[in-house]
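We're numbering straight along the sequence, starting at 1. Source: prediction; values computed, not measured. Values below: all heavy atoms of this structure, side chains included; hydrogens, waters and symmetry mates excluded.
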Amino acid sequence: MQSSHPKPPPSVRVLQLVTSSWMAAAVSAAAELGVADALADGARPVDEIAKAVGAHAPTLHRLLRACADIGLVEERDGAVYVLTDVGEALRSDSPTSMRNFARWTGLAADRNTWVGLADSVRTGEPAFEKVHGQNVWDFMRDRTDVSGVFDDAMTEASRQLIAPVVDAFDFSGAGTVVDVAGGHGALLAAVLAANPDVRGVLYDQPDVVVGAKETFRGLGVDDRVETVGGDFFDSVPAGGDAYLLSNVIHDWDDANSLKILANCRAALGEGGRVLLVEAVMPERTEPSPTVSLMDLNMLVLCGGRQRTEAEFAELFAAAGLRLTRIVRAGLHSVVEAVRA
C-alpha cells in the first residue's frame, strides 16, 4: 500500500533540514518569553498571553502560529491558544521541564557557536573561542548572565536522566559514592534516596557545592552526604567505592579525560568502580540522530565528544581501568570500569 504521505523530493527535504534552526529559534523564543507558563491554567486569547509575557500582541500571534505548526500549542477559534502535551514541557514548574535548556540553545553563546562547525571539522578544534573570543569555561566565568541560564539548563537536562539511571543501575552495594563534578547534587541525592545504606560525597568547584545543601535536605539525605570543593584535574576525594561522573567526560578531549580518570583510579577504594553516565555513541548510524548531534555540540563548544563503547574501552585502558559493562538507562547509559 502506498503511503498517504509521499516522501518529499530531495530539494524540499534539504530545505526542511536547513531551516530546522528556524523552528528551534521559535521554541527558544517561546521559552524565553514564558509562553507556556502563561498558558498553565488553560486556553487564553493572544491579547491576554501578550500582556502576561510582555509582548507585542500581533507579533506574538505570529510566533504562536509557528508554535502551533510545530506542535507546542493548539490554535482554536478567535486566536485562542492552548498548550499541547509537548508544550507542557516548556512550563517552568513541569517535572519534565526543558524550558531553560530551550532558553540556553536560543542564546548567542550556543547558537552562534554552531556557525563555526565547518571550521571545527576542518581543524578538529572547538569553535567557541574563535566565535566568542574566549574558551567556553572562561566565557561562562565572566558572563554570569549566560552561565546562570546554562547552569539551569544543565540541571534540567540532568533531572531527565536521573530516574532512568537510578531505576536501571543497582547502587545498593556501592558503599560510598563520590559524585565528581556533580553540580548541586541532584543525581547523587536521588541515588542516596533510593539506597538508604549508601553514603555520598559531592565533589565540585567550591563555589558550586555550596548550593547543594537544599538539594540533599529536600530528599532527606543530608545526614549521609559530605560536600567537598576542589579541582578534578588535581585530585578527587580518596577512598570511595564508586566514582560517579555524569556527562563530565564528554566535555573533554582524550588527554584531559585521561587526567580525570587517572585521578579517579588513584582514589578508588579496594574493589571500587568508576561509573560514567554518558550517551554512548552507536558504532553504526541509527535512525535517531540525537547522540551524533550531541557529539557535534560537544565539538563546537569545548572540543569534547560522545564516545562509542570501543572508544570508552580504549580510554579506560589508557587510564589503568577496564570496562566491565554498559547498562542502558534511557538515552544515557552507565559505563562501568574497574582497575585493570
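Side-chain polar atoms of T84 and E74 form no donor-acceptor pair below 3.5 angstrom. If you check the side chains of N263 and S235, you find no donor sitting under 3.5 Å from an acceptor. Donor-acceptor pairing under 3.5 Å is recorded for the side chains of Q134 and D142. Inspection of the T113 and H132 side chains reveals an N or O donor paired with an N or O acceptor under 3.5 Å. One side chain, S92 or R99, offers a donor N or O that lies under 3.5 Å from an acceptor on the other. Side chains of N100 and E156: a donor on one and an acceptor on the other come within 3.5 Å.
Exactly one residue among L245, L323, V335, I260 makes a side-chain contact (heavy atoms from CB on, under 4.5 Å) with V274. That residue is L245. When each of E48, R76, R44, H61 is paired with Y81, the side-chain hydrogen bond (donor to acceptor under 3.5 Å, both in side chains) condition holds for H61 and for no other.
The CD atom of E214 lies 9.5 Å from the CG atom of D222; values are rounded to the nearest 0.5 Å. With values rounded to the nearest 0.5 angstrom, F216 atom CZ is found 11.5 Å from D223 atom CG. Once rounded to the nearest 0.5 Å, the distance linking CG of L258 with CG of L261 reads 6.5 Å. Q160 CD to T155 OG1: the interatomic distance, rounded to the nearest 0.5 Å, is 11.5 Å.
For A212 against H184, the heavy-atom pair with the smallest separation is CB-O, 3.4 Å. Between V236 and C264 the shortest heavy-atom distance is CG2-CA, 3.9 Å.
Between F139 and F128, the gap from one ring centroid to the other is short of 6.0 Å.
We find that K130 and D119 are joined by a salt bridge, their nearest charged nitrogen and carboxylate oxygen being less than 4.0 Å apart. Between E226 and R199 no salt bridge is recorded (no basic side-chain N to carboxylate O distance below 4.0 Å). Salt bridge status for E88 with R91: present, with a side-chain N to carboxylate O gap under 4.0 Å.
A 6.0 Å sphere centred on CZ of R62 holds no more than 12 heavy atoms belonging to other residues, nucleotides or ligands. Within a 6.0 Å radius of CD in E283, more than 12 heavy atoms belonging to other residues, nucleotides or ligands are found. Enclosure of atom CG in D85 is not indicated, since only 12 or fewer non-hydrogen atoms of other residues, nucleotides or ligands lie within 6.0 angstrom. Residue D41 qualifies as open at atom CG: its count of foreign heavy atoms under 6.0 Å is 12 or below.
In this structure a side-chain-to-backbone donor-acceptor pair under 3.5 Å is present from S257 to W252. The backbone N or O of T105 sits less than 3.5 Å from a side-chain atom of R111, completing a donor-acceptor pair. Judged by distance alone, the side chain of Q306 and the main-chain N or O of V280 form no donor-acceptor pair under 3.5 Å. At least one donor-acceptor pair closer than 3.5 Å links the side chain of Y243 to the backbone N or O of A267. With hydrogens and angles ignored, the 3.5 Å screen pairs no side-chain donor or acceptor of R325 with any backbone N or O of V327. Without hydrogens or angle criteria, S158 side chain to M154 main chain gives no donor-acceptor distance under 3.5 Å. Counting only distance, with no hydrogens or angles, the side chain of D204 and the backbone of G183 share a donor-acceptor pair below 3.5 Å. Remark: side-chain polar atoms of T308 are not paired, donor with acceptor, to backbone N or O of P282 under 3.5 angstrom. N195 places a side-chain N or O within donor-acceptor distance of the main-chain N or O of V191, the cut-off being under 3.5 Å. Side-chain atoms of R224 come within 3.5 Å of backbone N or O of L192 as a donor-acceptor pair.
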Do D167 and V165 pass the side chain to side chain contact (heavy atoms under 4.5 Å, CB included) test, and can you show the C-alpha distance, the side-chain angles, and the key distance before you say yes or no? CA-CA 5 Å; D167 289 344; V165 167; over 6 Å; no
Are V338 and L321 close enough, and set up right, to give a side chain to side chain contact (heavy atoms under 4.5 Å, CB included), and what steps lead you there? CA-CA 5 Å; V338 298; L321 296 162; 6.0 Å; no
Show your working on side chain to side chain contact (heavy atoms under 4.5 Å, CB included) between V146 and M140 and close with a plain yes or no. CA-CA 7 Å; V146 175; M140 291 295 183; 4.1 Å; yes
Would you sort out whether E278 and R307 count as a side chain to side chain contact (heavy atoms under 4.5 Å, CB included), showing the intermediate values? CA-CA 8 Å; E278 296 275 354; R307 293 175 172 87; 6.0 Å; no
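In this structure, V180 is not a member of the same hydrophobic cluster as V209, with clusters built from ILVMFWY side-chain heavy atoms closer than 4.5 Å. Both F171 and V225 belong to a common hydrophobic cluster when Ile, Leu, Val, Met, Phe, Trp and Tyr are linked at side-chain heavy-atom distances under 4.5 angstrom. Both I249 and W137 belong to a common hydrophobic cluster when Ile, Leu, Val, Met, Phe, Trp and Tyr are linked at side-chain heavy-atom distances under 4.5 angstrom.
Residues forming a side-chain hydrogen bond (donor to acceptor under 3.5 Å, both in side chains) with K213 (at least two apart in sequence, or on another chain): none.
Side-chain contact between D241 and V177: absent, with no pair of heavy atoms (C-beta onward) separated by less than 4.5 Å.
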